[in-house]
Each structure stands twice: as C-alpha cells, then as structure tokens.
Amino acid sequence: MLRLHDTATGSLAEMSAKNGPFRLYVCGPTVYGPPHIGHGRFTLVYDVIRRYLESGGTTVRHVSNVTDIDDKIIERANSERRPWKEVAEENEALWWSAMDRMGVAKPHVVPHATDYVEEMVALVSELVARGIAYDSEDGVYLSVAHVPGYGLLAQQSLESLRAGARVEPTGVKRSPVDFALWKKAKPGEPSWPSPYGPGRPGWHTECVVMSLALLGEGFELHGGGADLKFPHHENERAQAVALGRRFADHWAHNGLVEVGGAKMARSVGNVTSLEGLAEAHDPRAYRLLVLQAHYRAPMEVREAHLEAASQALERLDSLARRIEESSGDGPQGTLPASRLPERFKERMDDDLDTPRAMALVFEAIRSANASLASGDRPAGLSEGRAALSCAAAVGLLPTAVSVVAKEALHLAEKRDQARSARDWAAADALRQQLVQLGYRVEDTPAGTRLYR
RNA sequence: GGCGGCGUGGCCGAGUGGUUUAGGCAAGGGCCUGCAAAGCCCUCUACCCCAGUUCGAUUCUGGGCGCCGCCUCCA
C-alpha cells in the first residue's frame, strides 16, 4: 500500500481508493507558453504515482486541467495581436506533444476552464448568497476570514498570513488575503456573462469546480507543484470548505526544479524548454533523473546530470538486450524467485522513495549481469526480468528493439564470416561501415549484435 | 518580519545512533576480448561550524553560519 506525505497533516497517509477507482487530481498548466522542464518534472512525478498504483492493480482515475483563459494568455494574445483562443490552443498542442514525447500517460480527463464557466459562476453565486464572498469594484472576492481552518496547507494561521502579505490592500479587497473568484472584464477582454457582470473566473475557482465535478467529493489525492501549496491549493480548499463540501482527502506537492539554486518558472524567466530536452536526450534520461531525486526535494537539472542518467540507462537497456537474446533458449521450468519486487515495493510504498527503489533496480542489474556472466542463467534471468519489470512500473521500459535494416544485417553477416576467417581487417572495416550507418556494434557468442 | 525545508565523498543523490556497502555518473587498476563494445571484480571516499546528550553522533538537542521555497503570477 502506497503511503505518501500528506501536506495537510504532515504525516504519511495511505493511498487507498474507497470503493471505486483511486481519484487523482493534478493541477495542470496555464497554456500561454511552451512547457518547460519544471512542468516535465511534475508530470513525471504524478505519472510515476499513477503507473505505480496501476502496476499494483489499483484502477486510477486521473484528472488534470488545462487553464485556457487567464491574464497571461490575454497578455500574450494582445502582444502578439491574435486571438487569445489561438494562443491557448497552440500552446496546449505543444504541451501534449511534449508529454507524449516524455512518455507521460495522458490523464483520463482533461477539463478546460472555459468549458466550466457556468458551473464556476454558480459556485461564486452560492458563496455570495452565503455571505462568504462579496461583490467588489473589479471582481468578486472570497472573504477568507469566514473560512474555518484557513491556512491548513500553508501551515500558518490566518493572522500570520495577513501579517506577511506583501501586497497592499487595494481597497477593493476587504482583507489582503481575500482572493478573486470572478474577475470583471475590462474593455476588450474576453468575458462570460454572470450576475456580477461580464468577466472570467479566477484561477483558484476553476480547479475546485472541475475536480469536484469530475471526481466527486472526498477524492483521494490532489497534487501539484510545491509552489501551488499556497495560495492556489489553500484557496481551492477554502471554497470547498466554505460551501460545506468535502474536498480532497490528501494533498501531495512535488519539489521544484531549480536553476542555480533558484526555482525554474516562467515568471522568473529561467526556463529550459521541455521539447528541447527531449530532443537532446532519450526522454527516459530525464525520467530517471526525476526518479533518482526524492519527489519532494528540489532538484537541479544540468546537462551533465542528464548525460549521467543516459549512461545509467545504457545499463538497463543492455541488460534488456541480453535478456531478450537469451529468452528463446532460456531454461524451462521455474526460475528462482527474485527478492527485488518485494524490496522495490517496500521502498516505493514508503513515500515514493524512488531514489532507493532505483538503487535496488541498479543493484539487481549488476547482480543479473554477474550471474549471466558466470553462467548462472536461471539466477540471471530471474533477477534481470525482475529489474526490467520494476523499471517498467515507473515508466522506464527499455526502448523497443530497434529495427535493423536488411542491408545492415547483411553487413553483419559478412562481418561474422570475416571474423570466423580471422580476417580482422575486413571485420573492422565492416564494423566501421555499420557504425557509420548509425548502429552500435557488439560481439557476442552468437555473432555480431546491432542496435541503435 | 512569519512559516516550511535544506547543507553528505570529484559530481548527482539516498540513508543511518556504533558493527558490512546506498545507487548512478566520473576516475584508477584488473578480468574477459583478435581489437572494440558490453559485462564482471577491485580501489578511492563523505557527512557545514560550535556546544550538549551518549560508552559512542554524520544521524538526537541547542546555538551559529550558509542556502532555498512560500507569504504576488508560478508546476
């Protein structure tokens, strides 16, 4: 049973579904620009959680939103002199292509803010009717003082939050900590009708409405980046609490990607594009890097780290080739049981201790190689297959065996002939040719092995 | 100012009151190999500073220094 650190309580909580699927809501991107590697990290983290739960037999219902209307999108559209919708659609397309490339499973449902405006208006109206929200000059605000337990996720009292507020009260807000549920449209801005005049929903409102609409009350886990803890998640929760609705049971927050010690964020302007990373490296290298850090710890992503991870991945892939090669003539009957799956699970279940879990996988890889090298095939195959299946559970499936062109196979055959004739010069020339065709060449007992 | 967190070997990055090592990458040596690749074996080595608790602390407590996140949009 997976247990994760729950931000709301500060302790480990069991991630068990109640009587249906495990319901997971993850705050997605605002699509005003291309995704960066910080986005890559959080999607990978929740992808790993999802895959791991699924690999253990749990059915997961994964919902993650796309914020397709907000100030930044409008700004971008204005500066580029084109429709805001076009900006949103274009960047959303970039998002999914990057996700696909990273091997991140698409959420089961991807709600868009603009599809839920009516529901959001209804929620705002209800909060106003209850006297918890108030209409103001430029929008409708939630009066945080009326929400019991505000500050749960921030781990701060309302008083200290108020004292620490860095934004001066504008006069339209009764308290600096109050937040906008509805933003009234300025001339020329996109808008939807509401009893408070045309406008658009506040960011915090969309996630409450969509998560409750699609997952229902008391869904199991709500996740996002550590920077969303406060105020975004706090404010989502505040609205649900104010309405007397049960919200997420548990909260998870992943650590941020940092650059030279500062978090990576579009607002900071130090982003590296995710697409670029996926082009320059096997996307699994980044996944491995993410797995080698604890999900709650901040992490630095540098070129050298990605290269190290790529090297490590080579060990996994070369084992996969070795296993595949010997699967045909493998020993019949039962193989000795590997202890890896059990130990791996132990580490994963303990707050997703992927660094330790991956260490176990790499230990198993070494042990499998050692067994195979020493001729103990049953032990090698058993440990090796266990390692591959653990890797697969977190999305690190070895790359599919590459298709080798006929021409290359022919060259390899010729090379084998040259080698058995001990014509080393010819053999080396043929290897050179194969390398130039883009293949890696390895000699094995079964002859020349090619892969990309 | 408030709240939360961090400081580990050449690099990344776990973990632990002591006895046997995280793991990956890099480096050096060896084995294997026609050469190479892959693989295996071995080696290197750490716990920010100070004080305290303890038979014993990198691990606990207190203080200090340094760094980061949140309190504003942000994954």
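Predicted, not measured: the structure shown is a model, and the values here were computed from it. Residue numbering restarts at 1 for every chain, and letters A, B, ... go by the order of the sequence lines.
- At a cut-off of 3.5 angstrom, the base of rC35(B) holds at least one donor-acceptor pair with the side chain of D443(A).
- Proximity of N254(A) to the phosphate of rA75(B): no side-chain N or O atom is located under 4.0 Å from OP1 or OP2.
- Nucleic acid contact class of H294(A) (heavy atoms, under 4.0 Å, all strands): sugar-phosphate only.
- When each of rC40(B), rG2(B), rA75(B) is scored by its nearest atom to the side-chain atoms of Q156(A), the top-ranked nucleotide is rG2(B).
- Rounded to whole Å, atom P of rG4(B) lies 14 Å from atom CD of E234(A).
- Among rG34(B), rU72(B), rC3(B), the nucleotide with an atom closest to any side-chain atom of R415(A) is rG34(B).
- The side chain of D353(A) sits closest to rA14(B) out of rG4(B), rA14(B), rC73(B).
- Separation of the C1' atoms belonging to rC6(B) and rC49(B) is 16 Å when rounded to the nearest angstrom.
- We find that R23(A) and D249(A) are not joined by a salt bridge, their nearest charged nitrogen and carboxylate oxygen being 4.0 Å or further apart.
- Counting any heavy atom pair closer than 4.0 Å across all strands shown, G224(A) reaches sugar-phosphate atoms only and no base atom.
- To the nearest 0.5 angstrom, S318(A) atom OG is 9.5 Å from R440(A) atom CZ.
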For residues 424-431 of chain A, which side-chain donor-acceptor pairs fall under 3.5 Å, sequence neighbours excluded?
from	atom 1	to	atom 2	distance (Å)
D428(A)	OD1	R431(A)	NH2	3.2

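- Atom name P, nucleotides rU19(B) and rU59(B): the rounded distance is 14 Å, in whole Å.
- Here V257(A) lies in heavy-atom contact (under 4.0 Å) with a base.
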Quiz item: Going through the checks in order, is the side chain to side chain contact (heavy atoms under 4.5 Å, CB included) test met by K345(A) and E342(A)?
Solution: CA-CA 5 Å; K345(A) 184 176 183 316; E342(A) 176 198 330; 5.9 Å; no
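- One can place CD1 of I323(A) at 13 Å from P of rG39(B), the figure rounded to the nearest angstrom.
- If you check rC71(B), rG34(B), rG2(B) against the side chain of L161(A), the one that comes closest is rC71(B).
- Between the P atoms of rC47(B) and rG9(B), the separation comes to 8 Å (whole Å).
- Contacts of K229(A) with the nucleic acid, taken as non-hydrogen atoms under 4.0 Å apart, are absent.
- Only the P atoms considered, rG10(B) is 9 Å distant from rA46(B), to the nearest whole Å.
- Comparing the P positions of rG69(B) and rC11(B) gives an interatomic distance of 22 Å, to the nearest angstrom.
- For the C1' atoms, the distance from rG17(B) to rU61(B) is 13 Å, rounded to whole Å.
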Exercise. Sugar-phosphate atoms are those with a prime plus P, OP1 and OP2; base atoms are the rest. Using that split, label each nucleotide of nucleotides 23-32 of chain B B, S or - for protein heavy atoms under 4.0 Å, 5' to 3'.
Key: SSSS------
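- Atom-to-atom, CG of L291(A) to P of rA22(B) comes out at 22 Å; the value is rounded to the nearest Å.
- Taking the side chain to side chain contact (heavy atoms under 4.5 Å, CB included) definition, one finds that K263(A) meets it with D227(A), L256(A), A265(A), V268(A), sequence neighbours left out.
- The side chain to side chain contact (heavy atoms under 4.5 Å, CB included) test applied to E303(A) returns H281(A), L306(A), E307(A), not counting sequence neighbours.
- Residues in residues 229-238 of chain A take part in no salt bridge (Lys or Arg N to Asp or Glu O under 4.0 Å) pair, two or more places apart or across chains.
- Atom CD of E300(A) and atom P of rU8(B) are 13 Å apart (whole Å).
- Nucleotides rU8(B) and rA22(B) have their P atoms positioned 16 Å apart, rounded to a whole Å.
- Position along RNA chain B of the nearest nucleotide to V268(A) versus R302(A) favours R302(A) as the more 5'-ward residue.
- Checked against side chain to side chain contact (heavy atoms under 4.5 Å, CB included), H250(A) has the following partners two or more places apart in sequence or in another chain: D6(A), A13(A), M15(A), L221(A).
- For the side-chain hydrogen bond (donor to acceptor under 3.5 Å, both in side chains) test, no residue two or more places apart in sequence or in another chain qualifies with D70(A).
- The interatomic distance linking E324(A) (CD) with rA38(B) (P) rounds to 19 Å, in whole Å.
- Within a heavy-atom distance below 4.0 Å of RNA chain B, no residue of residues 271-278 of chain A is found.
- Within 4.0 Å (heavy atoms only), E314(A) reaches no atom of the nucleic acid at all.
- With hydrogens and angles left out, the side-chain atoms of T448(A) and R415(A) include a donor and acceptor closer than 3.5 Å.
- Within the 4.0 angstrom heavy-atom criterion, no nucleotide atom of any strand lies near L289(A).
- Within residues 420-433 of chain A, the residues approaching RNA chain B are W424(A), D428(A), R431(A), by heavy-atom distance under 4.0 Å.
- Note: NZ (K72(A)) to P (rC73(B)) measures 9 Å, nearest angstrom.
- Taking atom C1' in both rC48(B) and rG66(B), one finds a spacing of 8 Å when rounded to whole Å.
- Remark: rC73(B) base-pairs with no nucleotide in the shown strands. Criterion, Watson-Crick or G-U wobble with two distances under 3.5 Å.
- Of the nucleotides present, rG66(B) is the one that pairs with rC6(B) by Watson-Crick or G-U wobble criteria, both distances under 3.5 Å.
- Residues satisfying the salt bridge (Lys or Arg N to Asp or Glu O under 4.0 Å) criterion with R200(A), sequence neighbours excluded, are D71(A), E189(A).
- At a threshold of 4.0 angstrom between heavy atoms, the contacts of E442(A) include nucleobase atoms, whether or not backbone atoms are also involved.
- Rounded to whole Å, atom C1' of rC71(B) lies 15 Å from atom CZ of F179(A).
- At the heavy-atom level, R343(A) lies nowhere under 4.0 Å from the strands shown.
- Nearest-nucleotide positions on RNA chain B for A297(A) and V441(A) put A297(A) closer to the 5' end.
- Ranking rC73(B), rA22(B), rA75(B) by closeness to the R356(A) side chain, first place goes to rA22(B).
- Considering only side-chain N and O atoms, S318(A) lies under 4.0 angstrom from the phosphate OP1 or OP2 of rG39(B).
- If you check the side chains of E206(A) and T67(A), you find a donor sitting under 3.5 Å from an acceptor.
- Distance from the side chain of A370(A) is smallest to rC40(B) among rC73(B), rC3(B), rC40(B).
- Spacing between atom CG of L228(A) and atom P of rU72(B) amounts to 14 Å, rounded to whole angstrom units.
- Every residue meeting the ring pair (Phe, Tyr, Trp, His ring centres under 6.0 Å) condition with H204(A), not counting sequence neighbours, appears here in chain and number order: F179(A), H232(A).
- Contacts of A248(A) classified as side chain to side chain contact (heavy atoms under 4.5 Å, CB included), with partners at least two apart in sequence or in another chain: F219(A), H222(A), W251(A).
- A donor-acceptor contact shorter than 3.5 Å links the side chain of D47(A) to the backbone of A105(A).
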